[in-house]
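Report on the following structure.
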Amino acid sequence: MATTDGAPRRDEQLQRRLARGEETALGELYDQLAPMVHGLAGRILADQTAAAQLTREIFAHVWEHPEAFDPARGSLRSWLGALTHRRAVDRLRARRAAEAGPAAAGEDGAAEEEIRTVATAARVQYVVASLPQPLRETIAESYYDGRTYQETAHRLGISEQTAKQRMRLGLELLATELEEERSRHRRTPAPGNHGGTDGRDCGNGQRKEGGEA
């Protein structure tokens with residue numbers, strides 16, 4: 001994901017402030033990234049109340065476990081996006097299973113495929129929304145709206161060559177970010193396995209004291 005040179009340093013400074021228990025740091029992080037977290041959760045869950053609840057839980061987790069963020073593995077935005085995506089998908093999976101009930105056990109494959117489709121679409125929208133504006137608007141015109149490079153260039157007031165370059169770069173960044181998110185997901189312990197690779201994503205943002213919170 002394209003970031004400014006100072007972004008990694010700002011993320012590290014924010015993490016240190018969170019580790020010191022500075023509530024203002026949590027407020028700053030919330031102001032910056034809560035719309036992204038809520039939007040991604042809402043696209044997956046299709047339920048604004050559930051999305052708001054998950055958003056609160058995500059930031060509670062950050063407050064309780066600031067050490068869970070590893071600057072060497074990406075930005076705070078990327079980490080929160082991956083965490084939100086994973087938990088929203090788990091919640092959607094649990095909700096669909098509860099709605100279907102035991103009688104629909106034979107339809108698990110179709111339900112899981114639907115969940116993956118919803119989750120992938122939400123992830124793509126989240127990544128595109130994170131791109132620099134020139135790339136984002138070019139992808140929106142060409143890819144989502146189905147316009148030709150010539151039409152896109154005319155609407156954006158740029159040359160056709162520039163439209164092609166922006167589209168190519170935007171899709172490359174999109175592919176890279178999606179692969180990084182898939183890699184992070186593969187490294188993350190399965191739901192309920194809080195003693196996984198790093199033991200840091202434990203439940204709904206609550207500390208573990210003598211077992212499950």
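Positions are given from 1 along the sequence. These numbers come from a predicted model, not from an experiment.
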### Task
Spell out, as yes or no, whether a donor-acceptor pair under 3.5 Å connects the side chain of Gln15 to the backbone of Pro66.
yes
### Query
Is there side-chain contact between Ile44 and Arg91, with heavy atoms separated by less than 4.5 Å?
no
### Task
Give the cluster check for Leu156 versus Tyr149: same hydrophobic cluster or not, with ILVMFWY residues linked at side-chain heavy-atom distances below 4.5 Å.
no
### Query
Mind checking what makes salt bridge (charged side-chain N to carboxylate O under 4.0 Å, His left out) contact with Glu114, not counting sequence neighbours?
Arg96
### Message
For Leu45, is there any backbone N or O sitting under 3.5 Å from a side-chain donor or acceptor partner on Arg95?
### Response
yes
### Task
Using a strict 4.0 Å threshold on nitrogen-to-oxygen distance, state whether Glu112 and Arg93 make a salt bridge.
yes
### Results of salt bridge (charged side-chain N to carboxylate O under 4.0 Å, His left out) for Arg168 - residues two or more places apart only
none
## Note on the structure
The reported gap from OG1 in Thr120 to CD1 in Ile115 (rounded to nearest 0.5 angstrom) is 11.5 Å
### Task
Measure the shortest side-chain to side-chain distance between His61 and Glu57 over non-hydrogen atoms and say whether it is less than 4.5 angstrom.
no
### Query
So Lys164 and Met167, side chain to side chain contact (heavy atoms under 4.5 Å, CB included) or not? Walk me through it.
CA-CA 5 Å; Lys164 290 180 180 179; Met167 185 68 178; 5.7 Å; no
### Query
Sequence neighbours excluded, which residues qualify as ring-ring contact (aromatic ring centres under 6.0 Å, His included) partners of Tyr30?
Phe59
### Message
For Glu137, give me all partners under salt bridge (charged side-chain N to carboxylate O under 4.0 Å, His left out), at least two apart in sequence or on another chain.
### Response
Arg166
### Message
Regarding Arg87 and Asp90, does a basic nitrogen lie under 4.0 Å from an acidic carboxylate oxygen?
### Response
no
#### Entry: Polar side chain donor-acceptor pair, Ser78 to Ser75, under 3.5 angstrom
no
### Query
Got a sec, which residues hit salt bridge (charged side-chain N to carboxylate O under 4.0 Å, His left out) with Glu28, two or more places apart in sequence or on another chain?
Arg17
### Query
Val37, Val118: one ILVMFWY side-chain cluster at the under-4.5 Å cut-off?
yes
### Side chain proximity check, Asp11 to Phe69, heavy atoms < 4.5 angstrom
yes
### Query
Thinking salt bridges, do Arg116 and Glu113 make one under a 4.0 Å N-O criterion?
yes
### Task
Mind jotting down which residue pairs meet the salt bridge (charged side-chain N to carboxylate O under 4.0 Å, His left out) criterion with at least one end in residues 146-157? Sequence neighbours excluded, please.
Glu141-Arg147, Glu141-Arg155, Asp145-Arg147
#### Entry: Exam field: side chain His85 to backbone Leu40, donor-acceptor pair closer than 3.5 Å
no
